[in-house]
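Here is the structure we will look at, set down as C-alpha coordinates.
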Amino acid sequence: MGTYPKLSKRALETETPVMIQIQELMRGAKDAVSLAQGVVYWQPPEQALEKIKELVWDPSTSRYGADEGLPELRQALVEKLRRENNLNKSSVMVTAGANQAFVNIVLTLCDPGDSVVMFAPYYFNAYMSFQMTGVTDILVGPSDPKTLHPDVVWLEETLSQNPVPKLVTVVNPGNPSGAFIPELVLQKISDLCKRAGAWLVVDNTYEYFMYDGLKHFCIEDSHIVNLFSFSKVYGMMGWRVGYIAYPEAVDGFGAQLLKVQDNIPICASIIGQRLALYSLEVGPEWIRERVQTLVKNRELLVKALAPLGEDAVKGGEAAIYLWAKLPDKFPDDYEVVKWLVRKHRVIVIPGSASGSPGYVRISFGGLQEADCEAAASRLRKGLEELVRDGMVQEHNGPAAIVY
Ligand SMILES: Cc1ncc(COP(=O)(O)O)c(C=O)c1O
(Lines give C-alpha, C1' and ligand atoms only; values in the text may rest on other atoms or scores of the structure.)
Protein backbone atom coordinates (compact mmCIF):
# COMPACT_ATOMS: atom_id res chain seq x y z
CA MET A 1 0.00 0.00 0.00
CA GLY A 2 2.89 2.37 -0.56
CA THR A 3 4.08 2.14 3.04
CA TYR A 4 7.01 -0.23 2.59
CA PRO A 5 9.60 2.45 1.88
CA LYS A 6 9.01 3.78 5.40
CA LEU A 7 9.86 0.48 7.05
CA SER A 8 13.44 -0.57 7.57
CA LYS A 9 15.07 -2.84 5.04
CA ARG A 10 16.59 -4.60 8.02
CA ALA A 11 13.14 -5.67 9.23
CA LEU A 12 11.63 -6.21 5.80
CA GLU A 13 14.46 -8.44 4.71
CA THR A 14 14.34 -10.58 7.84
CA GLU A 15 12.46 -13.87 7.46
CA THR A 16 8.96 -14.06 8.90
CA PRO A 17 9.20 -16.04 12.15
CA VAL A 18 8.04 -19.57 11.47
CA MET A 19 6.34 -19.70 14.89
CA ILE A 20 4.08 -16.80 13.91
CA GLN A 21 3.08 -18.68 10.75
CA ILE A 22 2.48 -21.81 12.81
CA GLN A 23 0.36 -19.93 15.33
CA GLU A 24 -1.79 -18.64 12.45
CA LEU A 25 -2.23 -22.17 11.13
CA MET A 26 -3.21 -23.32 14.62
CA ARG A 27 -5.81 -20.57 14.90
CA GLY A 28 -7.41 -21.86 11.71
CA ALA A 29 -7.54 -25.42 13.09
CA LYS A 30 -8.75 -25.17 16.65
CA ASP A 31 -8.67 -28.88 17.48
CA ALA A 32 -5.19 -29.46 16.01
CA VAL A 33 -2.48 -30.87 18.28
CA SER A 34 0.96 -29.37 18.22
CA LEU A 35 4.23 -31.19 17.73
CA ALA A 36 5.58 -27.89 16.51
CA GLN A 37 6.64 -25.52 19.25
CA GLY A 38 9.85 -26.20 21.15
CA VAL A 39 8.35 -26.31 24.63
CA VAL A 40 8.17 -28.69 27.57
CA TYR A 41 4.95 -29.81 29.22
CA TRP A 42 6.07 -29.17 32.82
CA GLN A 43 5.81 -26.12 35.02
CA PRO A 44 8.62 -24.70 37.18
CA PRO A 45 9.40 -26.50 40.47
CA GLU A 46 6.49 -26.17 42.88
CA GLN A 47 8.78 -25.19 45.79
CA ALA A 48 10.20 -22.36 43.72
CA LEU A 49 6.77 -21.12 42.64
CA GLU A 50 5.57 -21.19 46.25
CA LYS A 51 8.51 -19.03 47.34
CA ILE A 52 7.98 -16.32 44.77
CA LYS A 53 4.30 -15.94 45.65
CA GLU A 54 5.37 -13.79 48.58
CA LEU A 55 7.63 -11.64 46.47
CA VAL A 56 4.95 -9.90 44.46
CA TRP A 57 4.52 -7.50 47.43
CA ASP A 58 8.19 -6.77 47.84
CA PRO A 59 8.92 -3.31 46.39
CA SER A 60 12.23 -4.51 44.90
CA THR A 61 10.28 -6.83 42.59
CA SER A 62 8.74 -3.84 40.86
CA ARG A 63 11.94 -1.83 40.50
CA TYR A 64 14.69 -2.18 37.94
CA GLY A 65 17.55 -4.42 39.00
CA ALA A 66 21.22 -4.47 38.04
CA ASP A 67 21.56 -4.67 34.24
CA GLU A 68 23.73 -7.76 34.37
CA GLY A 69 21.38 -9.63 36.70
CA LEU A 70 20.66 -9.99 40.43
CA PRO A 71 24.01 -10.48 42.21
CA GLU A 72 22.77 -13.55 44.10
CA LEU A 73 21.54 -15.18 40.88
CA ARG A 74 24.79 -14.41 39.08
CA GLN A 75 26.76 -15.87 41.97
CA ALA A 76 24.62 -19.02 41.89
CA LEU A 77 25.14 -19.24 38.13
CA VAL A 78 28.92 -18.87 38.43
CA GLU A 79 28.84 -21.83 40.83
CA LYS A 80 26.50 -23.83 38.57
CA LEU A 81 28.76 -23.17 35.56
CA ARG A 82 31.75 -24.48 37.51
CA ARG A 83 29.95 -27.50 38.92
CA GLU A 84 27.84 -28.58 35.97
CA ASN A 85 29.57 -27.20 32.89
CA ASN A 86 33.24 -27.07 33.85
CA LEU A 87 33.32 -23.36 32.95
CA ASN A 88 35.71 -21.71 35.38
CA LYS A 89 36.77 -18.51 33.70
CA SER A 90 33.48 -17.12 32.54
CA SER A 91 31.59 -13.99 33.57
CA VAL A 92 27.80 -14.08 33.62
CA MET A 93 25.07 -11.78 32.32
CA VAL A 94 21.43 -12.66 32.93
CA THR A 95 19.15 -11.95 29.98
CA ALA A 96 15.48 -12.15 29.07
CA GLY A 97 15.97 -15.65 27.65
CA ALA A 98 18.59 -17.20 25.38
CA ASN A 99 17.15 -15.49 22.30
CA GLN A 100 17.86 -12.09 23.80
CA ALA A 101 21.26 -13.38 24.89
CA PHE A 102 22.00 -14.22 21.26
CA VAL A 103 20.95 -10.77 20.01
CA ASN A 104 23.13 -9.20 22.72
CA ILE A 105 26.08 -11.24 21.51
CA VAL A 106 25.55 -10.41 17.84
CA LEU A 107 25.28 -6.70 18.64
CA THR A 108 28.38 -6.87 20.81
CA LEU A 109 30.58 -8.88 18.46
CA CYS A 110 29.41 -8.25 14.88
CA ASP A 111 29.14 -5.29 12.54
CA PRO A 112 26.94 -4.99 9.45
CA GLY A 113 28.99 -6.36 6.59
CA ASP A 114 30.68 -9.07 8.67
CA SER A 115 30.21 -12.62 7.54
CA VAL A 116 29.09 -15.27 10.01
CA VAL A 117 28.76 -19.05 9.89
CA MET A 118 25.91 -21.40 10.74
CA PHE A 119 25.15 -24.98 9.78
CA ALA A 120 21.95 -26.24 8.23
CA PRO A 121 19.59 -27.20 9.63
CA TYR A 122 20.04 -24.05 11.71
CA TYR A 123 18.08 -22.50 14.58
CA PHE A 124 15.78 -20.05 12.77
CA ASN A 125 15.84 -17.33 15.44
CA ALA A 126 19.63 -17.17 15.36
CA TYR A 127 19.48 -16.71 11.58
CA MET A 128 16.94 -13.91 12.00
CA SER A 129 19.03 -12.23 14.71
CA PHE A 130 21.84 -11.89 12.19
CA GLN A 131 19.52 -10.61 9.47
CA MET A 132 17.85 -7.97 11.60
CA THR A 133 21.11 -6.60 12.95
CA GLY A 134 22.43 -6.09 9.42
CA VAL A 135 24.74 -9.10 9.47
CA THR A 136 23.39 -10.41 6.20
CA ASP A 137 26.40 -12.31 4.90
CA ILE A 138 25.37 -15.58 6.54
CA LEU A 139 27.42 -18.52 5.30
CA VAL A 140 25.40 -21.69 5.83
CA GLY A 141 27.48 -24.84 5.93
CA PRO A 142 26.31 -28.41 5.52
CA SER A 143 25.96 -31.02 8.22
CA ASP A 144 26.75 -34.69 7.86
CA PRO A 145 23.59 -36.22 6.34
CA LYS A 146 23.65 -39.14 8.79
CA THR A 147 24.82 -37.63 12.08
CA LEU A 148 23.77 -34.01 11.42
CA HIS A 149 27.11 -32.88 12.90
CA PRO A 150 28.60 -29.72 11.34
CA ASP A 151 30.91 -30.39 8.40
CA VAL A 152 34.34 -29.42 9.75
CA VAL A 153 36.07 -29.80 6.38
CA TRP A 154 33.76 -27.16 4.91
CA LEU A 155 34.36 -25.01 8.02
CA GLU A 156 38.13 -25.20 7.66
CA GLU A 157 37.88 -24.07 4.06
CA THR A 158 35.40 -21.31 4.90
CA LEU A 159 37.52 -19.97 7.75
CA SER A 160 40.51 -19.71 5.44
CA GLN A 161 38.69 -17.06 3.39
CA ASN A 162 39.62 -13.44 3.51
CA PRO A 163 38.06 -11.64 5.30
CA VAL A 164 37.67 -14.32 7.92
CA PRO A 165 34.07 -14.83 9.13
CA LYS A 166 33.59 -13.02 12.42
CA LEU A 167 31.65 -15.63 14.26
CA VAL A 168 30.60 -19.27 14.05
CA THR A 169 27.55 -20.49 15.92
CA VAL A 170 26.23 -23.94 16.80
CA VAL A 171 23.44 -25.23 19.02
CA ASN A 172 24.40 -28.22 21.16
CA PRO A 173 22.33 -30.30 21.41
CA GLY A 174 20.65 -29.06 18.30
CA ASN A 175 17.48 -27.31 17.41
CA PRO A 176 15.99 -28.38 14.98
CA SER A 177 18.09 -31.51 14.60
CA GLY A 178 18.00 -33.03 18.08
CA ALA A 179 21.58 -34.09 17.27
CA PHE A 180 24.40 -33.91 19.80
CA ILE A 181 27.80 -32.68 18.65
CA PRO A 182 30.43 -34.90 20.32
CA GLU A 183 33.30 -33.33 22.22
CA LEU A 184 35.94 -34.12 19.59
CA VAL A 185 33.91 -32.42 16.85
CA LEU A 186 33.13 -29.36 18.97
CA GLN A 187 36.76 -29.11 20.01
CA LYS A 188 37.79 -29.26 16.36
CA ILE A 189 35.31 -26.48 15.52
CA SER A 190 36.72 -24.44 18.41
CA ASP A 191 40.33 -25.02 17.30
CA LEU A 192 39.50 -23.93 13.74
CA CYS A 193 37.79 -20.78 15.05
CA LYS A 194 40.69 -19.97 17.34
CA ARG A 195 43.26 -20.42 14.61
CA ALA A 196 41.28 -18.21 12.22
CA GLY A 197 40.48 -15.56 14.86
CA ALA A 198 36.71 -16.14 14.78
CA TRP A 199 34.34 -16.21 17.75
CA LEU A 200 32.49 -19.41 18.57
CA VAL A 201 29.03 -19.05 20.11
CA VAL A 202 27.50 -22.24 21.52
CA ASP A 203 23.83 -22.30 22.47
CA ASN A 204 23.35 -24.81 25.30
CA THR A 205 19.60 -24.29 25.76
CA TYR A 206 19.03 -28.09 25.88
CA GLU A 207 22.00 -28.96 28.10
CA TYR A 208 20.01 -31.37 30.29
CA PHE A 209 18.05 -32.97 27.47
CA MET A 210 20.33 -35.93 26.95
CA TYR A 211 19.25 -39.54 26.43
CA ASP A 212 20.72 -43.01 26.27
CA GLY A 213 23.67 -42.24 28.56
CA LEU A 214 24.98 -39.25 26.57
CA LYS A 215 26.58 -36.51 28.66
CA HIS A 216 26.52 -32.83 27.85
CA PHE A 217 29.72 -30.78 28.09
CA CYS A 218 30.85 -27.22 27.43
CA ILE A 219 34.19 -25.92 26.32
CA GLU A 220 35.81 -22.73 27.48
CA ASP A 221 38.35 -20.44 25.85
CA SER A 222 38.91 -16.76 25.23
CA HIS A 223 37.11 -16.96 21.85
CA ILE A 224 34.06 -18.90 23.11
CA VAL A 225 30.71 -17.64 24.36
CA ASN A 226 28.25 -20.10 25.91
CA LEU A 227 24.53 -19.36 26.07
CA PHE A 228 22.01 -20.94 28.43
CA SER A 229 18.29 -20.78 29.10
CA PHE A 230 15.94 -21.47 32.00
CA SER A 231 13.03 -21.88 29.58
CA LYS A 232 13.03 -25.60 28.84
CA VAL A 233 15.03 -27.02 31.72
CA TYR A 234 12.83 -25.58 34.45
CA GLY A 235 9.63 -25.18 32.39
CA MET A 236 10.05 -21.40 32.58
CA MET A 237 9.35 -20.41 28.96
CA GLY A 238 7.10 -17.48 29.87
CA TRP A 239 9.32 -16.16 32.66
CA ARG A 240 12.00 -15.15 30.19
CA VAL A 241 15.31 -15.88 31.82
CA GLY A 242 18.53 -16.98 30.17
CA TYR A 243 22.21 -16.13 30.58
CA ILE A 244 25.49 -15.58 28.81
CA ALA A 245 28.80 -17.05 29.97
CA TYR A 246 31.48 -14.96 28.29
CA PRO A 247 35.27 -15.04 28.68
CA GLU A 248 36.33 -12.87 31.63
CA ALA A 249 39.79 -12.50 30.10
CA VAL A 250 38.62 -10.44 27.13
CA ASP A 251 38.99 -6.75 27.94
CA GLY A 252 35.90 -4.65 27.44
CA PHE A 253 33.59 -7.55 26.59
CA GLY A 254 31.41 -6.99 29.66
CA ALA A 255 31.33 -3.22 29.21
CA GLN A 256 30.15 -3.45 25.58
CA LEU A 257 27.63 -6.14 26.46
CA LEU A 258 26.19 -3.84 29.14
CA LYS A 259 25.50 -1.11 26.57
CA VAL A 260 23.34 -3.52 24.59
CA GLN A 261 21.64 -4.86 27.70
CA ASP A 262 20.83 -1.41 29.01
CA ASN A 263 19.09 -0.54 25.75
CA ILE A 264 17.03 -3.69 25.26
CA PRO A 265 15.60 -5.14 28.46
CA ILE A 266 17.57 -2.96 30.99
CA CYS A 267 17.38 -6.07 33.12
CA ALA A 268 15.64 -9.42 32.91
CA SER A 269 12.34 -9.49 34.83
CA ILE A 270 13.09 -9.43 38.55
CA ILE A 271 10.48 -11.96 39.53
CA GLY A 272 11.67 -14.24 36.73
CA GLN A 273 15.21 -14.00 38.06
CA ARG A 274 14.00 -14.86 41.58
CA LEU A 275 12.17 -17.88 40.25
CA ALA A 276 15.33 -18.87 38.38
CA LEU A 277 17.34 -18.63 41.60
CA TYR A 278 14.88 -20.77 43.58
CA SER A 279 14.70 -23.28 40.72
CA LEU A 280 18.48 -23.58 40.69
CA GLU A 281 18.29 -24.46 44.38
CA VAL A 282 15.97 -27.35 43.50
CA GLY A 283 18.72 -28.61 41.23
CA PRO A 284 19.30 -30.64 38.09
CA GLU A 285 17.94 -34.00 39.33
CA TRP A 286 14.49 -32.45 39.16
CA ILE A 287 15.10 -31.66 35.49
CA ARG A 288 16.58 -35.05 34.66
CA GLU A 289 13.55 -36.87 36.09
CA ARG A 290 11.29 -34.92 33.75
CA VAL A 291 13.56 -35.23 30.76
CA GLN A 292 13.49 -39.03 31.16
CA THR A 293 9.71 -38.99 30.69
CA LEU A 294 10.32 -37.74 27.14
CA VAL A 295 12.01 -40.98 26.08
CA LYS A 296 8.60 -42.60 25.64
CA ASN A 297 7.34 -39.62 23.61
CA ARG A 298 10.34 -39.90 21.33
CA GLU A 299 9.67 -43.61 20.84
CA LEU A 300 6.02 -42.96 19.96
CA LEU A 301 6.98 -40.34 17.42
CA VAL A 302 9.77 -42.37 15.83
CA LYS A 303 7.13 -45.06 15.20
CA ALA A 304 4.73 -42.47 13.82
CA LEU A 305 7.37 -41.36 11.33
CA ALA A 306 7.94 -44.92 10.05
CA PRO A 307 5.85 -44.39 6.85
CA LEU A 308 8.59 -42.01 5.66
CA GLY A 309 10.99 -44.93 5.36
CA GLU A 310 13.88 -46.44 7.25
CA ASP A 311 16.49 -43.75 6.77
CA ALA A 312 14.23 -40.72 6.88
CA VAL A 313 14.44 -39.99 10.62
CA LYS A 314 17.57 -38.46 12.14
CA GLY A 315 18.64 -36.74 15.35
CA GLY A 316 16.63 -37.08 18.55
CA GLU A 317 19.54 -38.39 20.64
CA ALA A 318 19.25 -35.16 22.63
CA ALA A 319 17.14 -31.96 22.92
CA ILE A 320 13.42 -32.42 22.14
CA TYR A 321 13.42 -32.83 18.37
CA LEU A 322 13.33 -35.40 15.61
CA TRP A 323 14.32 -34.40 12.11
CA ALA A 324 12.62 -36.20 9.25
CA LYS A 325 13.02 -36.17 5.49
CA LEU A 326 9.86 -36.05 3.41
CA PRO A 327 9.70 -38.24 0.30
CA ASP A 328 11.45 -36.58 -2.67
CA LYS A 329 8.17 -36.03 -4.49
CA PHE A 330 7.11 -33.56 -1.77
CA PRO A 331 9.82 -30.89 -1.86
CA ASP A 332 7.46 -28.18 -0.57
CA ASP A 333 7.53 -28.85 3.17
CA TYR A 334 5.28 -25.83 3.92
CA GLU A 335 2.55 -27.37 1.74
CA VAL A 336 2.90 -30.70 3.55
CA VAL A 337 2.73 -28.97 6.94
CA LYS A 338 -0.41 -27.06 5.93
CA TRP A 339 -2.00 -30.22 4.57
CA LEU A 340 -1.21 -32.16 7.76
CA VAL A 341 -2.91 -29.49 9.85
CA ARG A 342 -5.98 -29.15 7.67
CA LYS A 343 -6.54 -32.80 7.01
CA HIS A 344 -5.02 -34.57 10.00
CA ARG A 345 -5.10 -31.91 12.71
CA VAL A 346 -1.47 -32.26 13.68
CA ILE A 347 1.20 -29.65 13.28
CA VAL A 348 4.97 -29.84 12.79
CA ILE A 349 7.61 -27.34 11.68
CA PRO A 350 8.72 -27.09 8.04
CA GLY A 351 12.44 -27.67 7.50
CA SER A 352 12.64 -24.65 5.16
CA ALA A 353 12.51 -22.45 8.25
CA SER A 354 15.91 -23.92 9.16
CA GLY A 355 17.38 -23.71 5.66
CA SER A 356 16.51 -27.32 4.78
CA PRO A 357 13.51 -27.65 2.46
CA GLY A 358 11.98 -31.10 2.16
CA TYR A 359 12.30 -31.87 5.87
CA VAL A 360 10.14 -31.42 8.96
CA ARG A 361 10.96 -30.94 12.65
CA ILE A 362 8.91 -32.80 15.23
CA SER A 363 9.02 -31.70 18.87
CA PHE A 364 8.49 -34.34 21.55
CA GLY A 365 8.66 -32.09 24.61
CA GLY A 366 5.33 -30.32 24.79
CA LEU A 367 2.88 -33.15 25.48
CA GLN A 368 2.43 -35.68 28.23
CA GLU A 369 2.52 -39.30 27.13
CA ALA A 370 -1.23 -39.84 26.55
CA ASP A 371 -1.56 -36.66 24.48
CA CYS A 372 1.63 -37.47 22.64
CA GLU A 373 0.22 -40.90 21.77
CA ALA A 374 -2.87 -39.26 20.27
CA ALA A 375 -0.72 -36.79 18.31
CA ALA A 376 1.55 -39.59 17.11
CA SER A 377 -1.44 -41.55 15.87
CA ARG A 378 -2.65 -38.55 13.83
CA LEU A 379 0.82 -38.01 12.46
CA ARG A 380 1.22 -41.64 11.44
CA LYS A 381 -2.17 -41.67 9.72
CA GLY A 382 -1.32 -38.47 7.87
CA LEU A 383 2.08 -39.70 6.72
CA GLU A 384 0.69 -43.06 5.63
CA GLU A 385 -1.83 -41.23 3.49
CA LEU A 386 0.78 -38.80 2.17
CA VAL A 387 3.05 -41.62 1.04
CA ARG A 388 0.21 -43.74 -0.35
CA ASP A 389 -2.14 -41.22 -1.99
CA GLY A 390 -0.43 -37.81 -1.90
CA MET A 391 -2.03 -34.70 -0.43
CA VAL A 392 -5.65 -35.58 -1.00
CA GLN A 393 -7.82 -32.65 0.06
CA GLU A 394 -11.07 -33.06 1.91
CA HIS A 395 -14.12 -31.50 0.27
CA ASN A 396 -17.70 -32.38 -0.57
CA GLY A 397 -17.11 -33.63 -4.10
CA PRO A 398 -14.85 -36.43 -5.27
CA ALA A 399 -11.34 -36.49 -3.78
CA ALA A 400 -8.91 -34.06 -5.38
CA ILE A 401 -5.24 -34.97 -5.47
CA VAL A 402 -2.96 -31.99 -5.16
CA TYR A 403 0.29 -33.88 -5.72
C1 LIG B 1 18.37 -23.36 20.52
C2 LIG B 1 17.48 -22.39 21.19
N3 LIG B 1 17.99 -21.24 21.65
C4 LIG B 1 17.22 -20.33 22.24
C5 LIG B 1 15.87 -20.56 22.41
C6 LIG B 1 15.06 -19.50 23.06
O7 LIG B 1 15.12 -19.69 24.44
P8 LIG B 1 14.61 -18.59 25.45
O9 LIG B 1 13.19 -18.94 25.75
O10 LIG B 1 15.51 -18.76 26.62
O11 LIG B 1 14.74 -17.28 24.77
C12 LIG B 1 15.29 -21.74 21.96
C13 LIG B 1 13.85 -21.96 22.09
O14 LIG B 1 13.26 -22.77 21.45
C15 LIG B 1 16.12 -22.68 21.33
O16 LIG B 1 15.64 -23.81 20.87
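Below, all heavy atoms of this structure are taken into account, side chains as well, without hydrogens, waters or symmetry copies. Whatever order the structure lists ligands and atoms in, that order sets their numbers, starting from 1.
At least one heavy atom of K232 sits less than 4.0 Å from an atom of ligand 1.
Ring centers of F217 and F180: under 6.0 Å apart, within the cut-off. Between Y334 and W339, the gap from one ring centroid to the other reaches at least 6.0 Å. Aromatic rings of Y359 and W323 (six-membered ring for Trp) have centroids within the 6.0 Å cut-off, being under it.
Interface of V171 with ligand 1, defined as ligand atoms under 4.0 Å from a residue heavy atom, comprises 1 (C). For ligand 1, the atoms lying closer than 4.0 Å to a non-hydrogen atom of S229 are 7 (O), 8 (P), 10 (O). In summary, the atoms of ligand 1 found under 4.0 Å from a heavy atom of G97, numbered by their order in the structure, are 8 (P), 10 (O), 11 (O).
Comparing A101, A96, A98 by heavy-atom distance to atom 7 (O) of ligand 1, the nearest is A98. Residue Y206 holds the heavy atom nearest to atom 16 (O) of ligand 1 of all those in W239, Y122, F102, Y206.
Side chains of S354 and Y127: a donor-acceptor N/O pair is absent below 3.5 angstrom, by distance only. In the model, Y208 has a side-chain atom that pairs as donor or acceptor with a side-chain atom of E84 under 3.5 Å. Side-chain contact, E15 with Q131: a donor N or O sits under 3.5 Å from an acceptor N or O. Between the side chains of E281 and Q47, no donor-acceptor pair of N or O atoms lies under 3.5 Å. In summary, the side chains of E13 and T136 do not present any donor paired with an acceptor at a separation below 3.5 Å, with no hydrogens or angles considered.
Nearest non-hydrogen protein atom to atom 3 (N) of ligand 1 is D203 OD2, 2.6 Å. Scanning the protein for heavy atoms near atom 11 (O) of ligand 1, the closest one is R240 NH2, 2.8 Å. Closest to atom 5 (C) of ligand 1 among all protein heavy atoms lies Y123 OH, 3.2 Å. From the protein, the heavy atom lying nearest to atom 6 (C) of ligand 1 is N99 OD1, 3.3 Å.
Contact annotation for T205 and ligand 1: only side-chain heavy atoms (C-beta onward) come within less than 4.0 Å of the ligand. When heavy-atom distances to ligand 1 are checked against a 4.0 Å cut-off, S231 comes that close only through its side chain, counted from C-beta outward.
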